[in-house]
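Notes follow once the structure below has been shown.
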Amino acid sequence: MASNDPDPTHPSADPQPGDLIEIFRPAYQHWALYLGDGYIINLTPVDESPAAAMSSVKSVFSRKAVVRMQLLKEVVGSDSYRVNNKYDHNHTPLPIGEIIQRAQVLIGQEVSYDLLGSNCEHFVTLLRYGEGVSEQATRAIGAISLVTAAASAFSVLGLINTRSRNRPF
C-alpha cells in the first residue's frame, strides 16, 4: 500500500507483506521490509545486539551489517513509522512471494554497509524492486557536493582577494 502521509506519528496503514517501512529516528530514517505477522527484515550493525542496534547513531557509520528478522514493534520502539512504498510510481514491485523468498534467504547474513552506496534503504528497495534506490543517500550526496563546491568557491575567492591585496600598485 503506497503512502505519502506527511504525519509519521500515525502509521498510514497496516503493513502488508512486501511493504517498505520507514522508521523515523531522531537524526535519520531507518528502512525495513515487512514480512508479515508483525515481523520485518532489516540491517543492523554487526557489533551490536539486535535490541540496541537501530536506536544507536553508530548504526549509520557501520561498515558491515547483519540482516535480521525482528518484530516491527521492537525495532520501532518509541519512534514512529509509516508504510512508504514511495518508489512504486517508477519501479515495479516484484511478486510478493519472490520478495519474501529473497528476504528470507538473507536472514543472518553479514553484508557490506555504506551510508551513501549500500544502506538500509538500498537493501529493502533491492528486495522489493530488484534495484537498490535511496533518496536519503542521493540527498546526502547532493549536500556533500554543495558543501564541496561552496568550499572551493570560497577558496578561489580568498585566493583572488589575497592576490589583489598583495599588488604593489
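Positions are given from 1, in the same order as the sequence printed here.
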Does any part of the side chain of [Y], heavy atoms only, come nearer than 4.5 Å to the side chain of [X], both counted from C-beta?
X: Thr125; Y: Ser134; answer: no
X: Leu71; Y: Tyr39; answer: yes
X: Ile21; Y: Pro15; answer: yes
X: His30; Y: Val75; answer: yes

(request) Flag yes if more than 12 heavy atoms outside Gln101 fall under 6.0 Å of its CD atom; otherwise flag no. (result)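 No - once you tally the heavy atoms of other residues, nucleotides and ligands closer than 6.0 Å, there are 12 at most.
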(message) Does Asp37, at its CG atom, have more than 12 non-hydrogen atoms belonging to other residues, nucleotides or ligands within less than 6.0 Å?
(response)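 Counting neighbours around CG of Asp37, 12 or fewer heavy atoms of other residues, nucleotides or ligands fall under 6.0 Å, so no.
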(request) Flag the pair Glu22 and Lys86 as a salt bridge only when some basic side-chain nitrogen lies within less than 4.0 angstrom of an acidic carboxylate oxygen. (result)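 No, this pair does not count.
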Can you tell me how far [atom2] of [Y] sits from [atom1] of [X], rounded to the nearest 0.5 angstrom?
X: Ile40; Y: Leu20; atom1: CD1; atom2: CG; answer: 12.0 Å
X: Ile23; Y: Arg82; atom1: CD1; atom2: CZ; answer: 12.5 Å
X: Tyr113; Y: Leu43; atom1: OH; atom2: CG; answer: 7.5 Å
X: Glu98; Y: Leu127; atom1: CD; atom2: CG; answer: 10.5 Å
X: Phe123; Y: Asn42; atom1: CZ; atom2: CG; answer: 8.0 Å
X: Asn84; Y: Phe24; atom1: CG; atom2: CZ; answer: 7.0 Å

So which atom in [X] and which in [Y] form the shortest heavy-atom distance, rounded to 0.1 Å?
X: Gly132; Y: Leu126; result: N-CD1, 3.8 Å
X: Gln70; Y: Thr44; result: OE1-CG2, 3.6 Å
X: Pro17; Y: Gly36; result: CG-CA, 4.2 Å
X: Lys64; Y: Ser112; result: NZ-OG, 3.9 Å
X: Leu94; Y: Ile99; result: O-CD1, 3.2 Å
X: Arg128; Y: Leu33; result: CB-CD1, 4.2 Å

(request) Give a yes or no on whether the backbone of Glu135 and the side-chain of Tyr87 come within a donor-acceptor separation of less than 3.5 Å. (result)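 Pair found, side chain donor or acceptor close to backbone of Glu135.
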(message) Classify the ring geometry of His91 against Tyr129: parallel below 30°, tilted from 30° to 60°, perpendicular beyond 60°.
(response)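 It falls in the tilted class, 30° to 60°.
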(request) State whether a side-chain donor-acceptor pair under 3.5 Å links Tyr28 with Glu121. (result)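 The answer is no; no qualifying pair exists.
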(message) For a side chain to side chain contact (heavy atoms under 4.5 Å, CB included) check, start with the C-alpha distance between Arg63 and Asp114, then their side-chain angles and the critical distance, and finish with the verdict.
(response) CA-CA 6 Å; Arg63 301 295 294 159; Asp114 173 6; 4.1 Å; yes
